[in-house]
Amino acid sequence: MLDFILKIIELFLTHHKNKFKKIEAVLERRQNFIDEVKKIEQNTDLSDDEKRALKNACAQLVCGSRAVNYELVDYYFRNKNFRNFEIIAPIIAFWEDAVSKEYDENGKIKSIKIHKKNHNRERNYIVFSFFLTIFIDWMFIRNHDWVVNLLIKYLPLNIAIADIIFVVLLAPLLYLTWLAFFGMMTVIDLKSYTEDES
């Protein structure tokens, strides 16, 4: 469960918005990605393994995520049904267990589909986490007086300071709830980044 919560926190911190706010920055990153991949493919001095490693590094650079590899970025780059490949690829890489990939004869990804069993499991985990955090928030707020009295009893505080500490303690709980909500929306939206379900 802790591993799953850490996964959601990482997802929020790295992928909750398009980090490249200016369109010019997006254009520059994409152009650099395309140019670098062409140079790598044309370089005859490099072995296949070196080319693969360098293309993976280019993919990670354009996406701003170490979770992606070139084959995943290349799939979304080639697929006309998807825009913003540098945003979609890290999301799919993050939830890799929930999808299945099919490869063509050249070893390139031909399609990415939802793996129903794994997707349902991931969705159930995150929905459970979301409702668990709501329940914890509700219990904490409901027991406000008890928490404040406990703080006053064991620490030399007046009621105003104890209330401030209560709010400070509540803030991380609400943040975890927001993260769980974000994760739940991402898992549900995963289907829009894949081909038809398997």
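Here Ser129 contributes atom OG and Met184 contributes atom CE; the two are 10.5 Å apart, rounded to the nearest 0.5 Å. Rounding to the nearest 0.5 Å places OG of Ser192 at 11.5 Å from CG of Asn81. Taking CD1 of Ile136 as the reference point, atom CG of Leu176 lies at 8.5 Å (rounded to 0.5 Å). With rounding to the nearest 0.5 angstrom, the CZ atom of Arg121 is 6.0 Å from the CG atom of Asp97. A distance of 8.0 Å separates CD of Glu105 from NZ of Lys110, quoted to the nearest 0.5 Å. Ile141 CD1 to Leu170 CG: the interatomic distance, rounded to the nearest 0.5 Å, is 5.0 Å.
Between the side chains of Arg123 and Asn120, a donor-acceptor pair is found at a separation under 3.5 Å. For Asn56 and Arg66, the side-chain atoms include no donor-acceptor pair closer than 3.5 Å.
Counting only distance, with no hydrogens or angles, the side chain of Asn143 and the backbone of Met139 share a donor-acceptor pair below 3.5 Å. His119 places a side-chain N or O within donor-acceptor distance of the main-chain N or O of Val187, the cut-off being under 3.5 Å. A distance-only check finds no donor-acceptor pair linking the side chain of Asn106 to the backbone of Lys108 [under 3.5 Å]. At least one donor-acceptor pair under 3.5 Å links the side chain of Arg78 to the backbone N or O of Ile109.
Between Phe82 and Tyr75, the two ring planes are tilted [angle within 30° to 60°]. Ring geometry, Phe77 versus Phe85: the interplanar angle exceeds 60°, so the pair is classed perpendicular (tilted spans 30 to 60°).
Scanning all heavy atoms of the two residues, the minimum distance from Cys58 to Val37 falls at CB-CG2, 4.4 Å. Residue Leu151 comes nearest to Ala162 through the heavy atom pair CD1-O, 3.7 Å, listed as atom of the first residue, atom of the second, then distance. Smallest separation of non-hydrogen atoms from Ile88 and Arg83: CD1-O, 3.0 Å. Contact between Val73 and Ala89 at its shortest, heavy atoms only, is CG2-CB, 3.9 Å. Between Ile112 and Thr194 the shortest heavy-atom distance is O-CB, 3.3 Å. A pairwise comparison of heavy atoms in Glu71 and Gly107 identifies OE1-O, 4.2 Å as the closest pair.
Counting non-hydrogen atoms of other residues, nucleotides and ligands closer than 6.0 Å to CD1 of Ile159 gives a total of 12 or fewer. Residue-environment remark: CZ (Phe135) stays at or below the threshold of 12 foreign heavy atoms within 6.0 Å. The number of heavy atoms from other shown groups lying within 6.0 Å of CG (Asp48) does not exceed 12.
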>> Checking Val26 against Arg29 for the side chain to side chain contact (heavy atoms under 4.5 Å, CB included) test, could you report, in this order, the C-alpha distance in whole Å, the side-chain angles of both residues, the deciding distance, and whether it holds?
In response: CA-CA 5 Å; Val26 174; Arg29 281 181 177 270; 5.9 Å; no
>> Using the rule given for side chain to side chain contact (heavy atoms under 4.5 Å, CB included), can you reason through Glu36 versus Val62, listing the C-alpha separation, both sets of side-chain angles and the distance that settles it, and then say yes or no?
In response: CA-CA 11 Å; Glu36 288 299 318; Val62 76; over 6 Å; no
>> Assess the residue pair Asp137 and Leu174 against the criterion (side chain to side chain contact (heavy atoms under 4.5 Å, CB included)); give the C-alpha distance rounded to whole Å, side-chain angles, the decisive distance to 0.1 Å, and a yes or no.
In response: CA-CA 7 Å; Asp137 293 344; Leu174 293 175; 3.6 Å; yes
> Between Ile134 and Phe181, does a side chain to side chain contact (heavy atoms under 4.5 Å, CB included) hold up when you go through it step by step?
Replying inline: CA-CA 10 Å; Ile134 286 179; Phe181 175 76; over 6 Å; no
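Hydrophobic clustering of Ile, Leu, Val, Met, Phe, Trp and Tyr side chains at less than 4.5 Å, counting indirect connections, keeps Val168 apart from Leu179. The hydrophobic cluster containing Ile114 also contains Met185, counting ILVMFWY residues as joined when their side-chain heavy atoms lie under 4.5 angstrom apart, directly or transitively. At a threshold of 4.5 Å between side-chain heavy atoms, the hydrophobic network of Ile, Leu, Val, Met, Phe, Trp and Tyr places Trp138 and Phe130 in two separate groups. Val148 and Ile161 fall within a single hydrophobic cluster, where Ile, Leu, Val, Met, Phe, Trp and Tyr side chains are chained together by heavy-atom contacts under 4.5 Å. Cluster annotation: Tyr103 is connected to Val99 through the hydrophobic network of ILVMFWY side chains, with a link wherever side-chain heavy atoms come within less than 4.5 Å.
Contact annotation: the side chain of Val147 never approaches that of Arg142 to less than 4.5 Å [non-hydrogen atoms, C-beta and beyond].
The ring pair (Phe, Tyr, Trp, His ring centres under 6.0 Å) contacts involving residues 141-170 comprise Phe140-Phe166, His144-Phe166, where partners must be two or more places apart or lie in separate chains.
A salt bridge between Arg52 and Asp49 is present, with a side-chain N of the basic residue lying under 4.0 Å from a carboxylate O of the acidic one. A salt bridge does not link Lys38 with Glu41: none of the charged nitrogens is closer than 4.0 Å to a carboxylate oxygen.
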